[in-house]
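Inspection log for the structure reproduced underneath, given as structure tokens.
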Protein chains: 2
Amino acid sequence: MNEPVWDPYDRNCPSRQVLDRVGDRWSVLVVGALTQGPRRFSELAKTVDGVSQKMLTQTLRGLERDGLVARTIFAQIPPRVEYELTASGRSLSEPMLALEEWTKANMPRIVTAREAYDGAHAPKA
Amino acid sequence: MNEPVWDPYDRNCPSRQVLDRVGDRWSVLVVGALTQGPRRFSELAKTVDGVSQKMLTQTLRGLERDGLVARTIFAQIPPRVEYELTASGRSLSEPMLALEEWTKANMPRIVTAREAYDGAHAPKA
DNA sequence: CGGAATCCGAATGGATACTG
DNA sequence: CAGTATCCATTCGGATTCCG
């Protein structure tokens, strides 16, 4: 019955890798975009502004490998591939979205803090 | 009254940078560690296994700049510096901890998914 | 003890060209 | 359209050294 104790604070624990992926910049945005429903590769590329096709592919493969995203290929010309969250992916989207919401809600405070910090640490010339 | 609309999906929006920091691998672990209470530099280095002194310093500076962590220096020999979460930092710790919890709770599924994926995509030799 | 600064190899990530 | 494969610049990040 004793389940293994996953400890991301241990550099050798597999959970560390997963936390890395889950905390990845592009993963958060891609999962967030997929929360709206299935999306095609090109749609994701447009939604997640600034992501290169290389990184988008990498991110999607990683999410797919971890069972968070499902990839469906429609045999037709031109090719059509859709990505959508799996049950795991949907459960992950909750804490991820919370992070996104926190960010948006706290931007004013952070911007202020940055200005204060930069003002107090930069003055040299 | 109309607040600015923060959109992390826009590469030029400041919220993108903040989401990046918040989703940073070390940030998540450091904030998590600080949830227990104030910690000294050396204690954090020990808790967050695998982090170099350089990255720990960088991470702490970044968090400090964003007003998430407070740094207190005790004038004594040898030097003593403590870090602790600010109010902002504590509010951030909630979604971050949720992410950590999600990871630990879903590790079994992910490990299984990875094995399945690797088994289906690797076989070449 | 708690850093800052430097050096440098490794990994990241963008741009580009090519394929099914 | 949806990738894969390369090339290459930038960044990351560890190890080391030195300072308050």
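Fair warning: this is a prediction, and the values are worked out from it, not measured in the lab. Just so it is clear: chains get the letters A, B, ... in the order the sequence lines come, proteins before strands, and each one is counted from 1.
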My understanding is that only residues two or more places apart in sequence, or in another chain, count here; which of them pass side chain to side chain donor-acceptor pair (under 3.5 Å) with [X]?
| X | answer |
| --- | --- |
| Arg109(A) | Asn106(A), Ser88(B) |
| Arg39(B) | none |
| Glu64(A) | none |

Review point. Can you list the residues that meet the side chain to side chain contact (heavy atoms under 4.5 Å, CB included) rule with Val31(A), with sequence neighbours excluded?
Key: Leu63(A), Leu85(A), Ser93(A), Met96(A)
Exercise for review: Can you sort out the partners of Ile73(B) under side chain to side chain contact (heavy atoms under 4.5 Å, CB included), two or more places apart, ordered by chain and number?
Suggested key: Arg71(B), Val81(B)
Study note, to complete from the structure: Between Pro38(A) and Glu84(A) the two heavy atoms that sit nearest each other are CG-OE1, 3.8 Å
Practice item. Report yes if at least one side-chain N or O of Ser52(A) is closer than 4.0 Å to OP1 or OP2 of dA15(C); otherwise report no. Key: no
Point to revise | Side chain to side chain, Arg61(B) and Tyr117(A), heavy atoms closer than 4.5 Å | key: yes
Point to revise | Where chain B begins and ends its contact with DNA chain D, read 5' to 3' at 4.0 Å from heavy atoms | key: dG13(D) to dG20(D)
Between the protein and nucleotides 18-20 of chain C, which nitrogen or oxygen pairs are less than 3.5 angstrom apart?
none

Exercise answer: donor-acceptor pairs, residues 48-58 of chain A side-chain atoms, under 3.5 Å, sequence neighbours excluded:
unit_1: Asp49(A); atom_1: OD2; unit_2: Arg11(B); atom_2: N; d: 2.9
unit_1: Ser52(A); atom_1: OG; unit_2: Met55(A); atom_2: N; d: 3.2
unit_1: Thr57(A); atom_1: OG1; unit_2: Gln53(A); atom_2: O; d: 2.9

Study note, to complete from the structure: 5' to 3', nucleotides 4-11 of chain C under a 4.0 Å protein heavy-atom cut-off (B base, S sugar-phosphate only, - none) gives B--B----
Review point. Roughly how bent is the helix from dC1(C)-dG20(D) to dG20(C)-dC1(D) end to end, in steps of 10 degrees, with each end axis from five pairs?
Key: 50°
Point to revise | Rounded distance in Å - CD (Glu43(B)) to P (dC1(C)) | key: 11 Å
Study note, to complete from the structure: Among the nucleotides dG2(C), dC1(C), dG13(C), whichever has the atom closest to the side chain of Ser42(B) is dG2(C)
Point to revise | Where at least one partner belongs to residues 13-34 of chain B, residue pairs that pass salt bridge (charged side-chain N to carboxylate O under 4.0 Å, His left out), sequence neighbours excluded | key: Asp20(A)-Arg25(B), Arg25(A)-Asp20(B), Arg21(B)-Asp66(B)
Point to revise | Within residues 10-40 of chain A: residues closer than 4.0 Å to DNA chain C (heavy atoms) | key: Trp26(A)
**Study point:** Donor + acceptor pair across side chains of Trp102(A), Ser91(B) (<3.5 Å)
**Key:** yes
